[in-house]
Amino acid sequence: VENLKQGQDLTLAGTRYVLVEFDPQEAYHSLYQAVRKMTMARYIPVIAHVERYFCLKEGKNLEELLQCGCRLQMNYSSLVGNGICEAQNEGVLLRLSMKEILEYHSTLEEGTLKIDFVNPRESYDRIVVLDPVGGGRDRGVADSGCEEKNIALEVARQTAQLLEGSMVKIYLTRTEDTEVAQEVRRSFADWVDADLYLEIGLSADDAQESTYGIRAEYNDEYYLPDFGNVQWADCVTRQVTVASSNRAIGLFPAEEDDILWQLKIPAARISLGYVTNSSERQLLEQESYQKKLAEGIAEAISEVYTNTQ
């Protein structure tokens, strides 16, 4: 540190960033103390070849250094060799395995890429979780090739696209045809600190194949003042019904073991139609109709935030 202050050692391009390198066998305590001295002196240490240090194989040590204000540098060959990044025509694809849901901000200055990870609430004031039913081996309700899991996912995706660039951040519990555990679906809203939760699916009525229309379910035991489960279910049902020019069947209490009973924010399930009704099934498989359904959900989300500001 004294050498830096006296100009005997140089910083990176005259900035507060300092490229440092330690013995790969260095004990973590010694490395951490050295980094702390630099950050206390208002320098930003950049540890070179971080992949070489045995004491940094444990993720918690890396996390502590990053929280301390340190930066890390790795060779491109190390990243590629470990499958972390992949060269592409117009740049490099980074693959990061996250233990939680985070947003990121990235900047590229003088050839250095800086990525900061933050909690969703630090980036967005309005957060909604859409939970498309099924996925993977769980087809949901199905009839004549029309599967709930596919329709639900497509409508959820289109809803997110419609609200992209707005003041509302949409998270999907799944973005591909993969299975998602019920516990993960339930916890998702907590992880992102969501304002609203909506499960998207379809219905079936084998006993009465003529049944068709939009219906919703909600937790009728958990009450929130001003705006709660029944208001959210009613808003979504109304907007989706109008957008799709369909009919609303009604609002129904969810069963007690339902996921909706485990959420402490306005939560509802919207059924977009009946796969057992041949006419409605044909509509549900049409891209244009799926877009109308998504427009209805997007309009409901916008209405909630407009009326509850």
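Remark: Gln33 CD is packed, more than 12 non-hydrogen atoms of other residues, nucleotides or ligands lying under 6.0 Å away. By the neighbour-count criterion of 12 heavy atoms within 6.0 Å, atom CD of Gln286 is densely surrounded, having more than that number from other residues, nucleotides or ligands. At most 12 non-hydrogen atoms from other residues, nucleotides or ligands lie less than 6.0 angstrom from CD of Glu256. Atom CZ of Phe54 is surrounded by 12 or fewer heavy atoms from other residues, nucleotides or ligands within 6.0 Å. Heavy-atom neighbours of Asp257 CG from other residues, nucleotides or ligands within 6.0 Å: above the threshold of 12. Within 6.0 Å of NZ on Lys37 lie no more than 12 heavy atoms contributed by other residues, nucleotides or ligands.
Contact annotation: the side chain of Ile47 approaches that of Cys70 to within less than 4.5 Å [non-hydrogen atoms, C-beta and beyond]. Side-chain contact check for Arg269 versus Asp258: some heavy-atom pair is nearer than 4.5 Å. Tyr274 is listed as a side-chain neighbour of Arg215, based on a closest heavy-atom distance under 4.5 Å.
Tested against Glu179 for a salt bridge (Lys or Arg N to Asp or Glu O under 4.0 Å), the candidates Arg137, Arg174, Arg185 yield a single pass: Arg137. Tested against Asp205, the residues Thr211, Asn277, Val275 include a single side-chain contact (heavy atoms from CB on, under 4.5 Å) partner, Thr211.
Residue Tyr53 holds its OH atom at 6.5 Å from CG of Leu31, rounded to the nearest 0.5 Å. For the atom pair CG of Leu56 and NE2 of His49, the computed distance is 13.5 Å after rounding to the nearest 0.5 Å. Atom CG of Leu202 sits about 6.5 Å away from atom CD1 of Ile151, to the nearest 0.5 Å. Distance check, rounded to the nearest 0.5 Å: CD1 of Ile44 to CZ of Arg16 gives 8.0 Å. Note that the CD atom of Glu217 and the OG1 atom of Thr237 stand 10.0 Å from one another [nearest 0.5 Å]. Between the CZ atom of Arg281 and the OG1 atom of Thr276 there is a distance of 8.0 Å, given to the nearest 0.5 Å.
Taking a cutoff of 4.0 Å between a charged side-chain nitrogen and a carboxylate oxygen, Asp195 and Arg121 qualify as a salt bridge. With respect to the salt-bridge test (charged N to carboxylate O, under 4.0 angstrom), the residues Lys292 and Glu295 do not qualify.
Between Val133 and Gly201, the closest heavy-atom pair is CG2-CA, 3.9 Å. What you find for Tyr17 and Thr11 is that their closest heavy atoms are O-CB, 3.3 Å.
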* Decide yes or no on side-chain contact (heavy atoms from CB on, under 4.5 Å) for Tyr43 and Thr15, but give the supporting numbers first. => CA-CA 9 Å; Tyr43 291 103; Thr15 66; over 6 Å; no

* To do: Check step by step if side-chain contact (heavy atoms from CB on, under 4.5 Å) holds for Asp131 and Phe188.
  => CA-CA 9 Å; Asp131 184 10; Phe188 205 103; over 6 Å; no

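If you check the side chains of Gln158 and Glu154, you find a donor sitting under 3.5 Å from an acceptor.
In this structure, Tyr212 is not a member of the same hydrophobic cluster as Val155, with clusters built from ILVMFWY side-chain heavy atoms closer than 4.5 Å.
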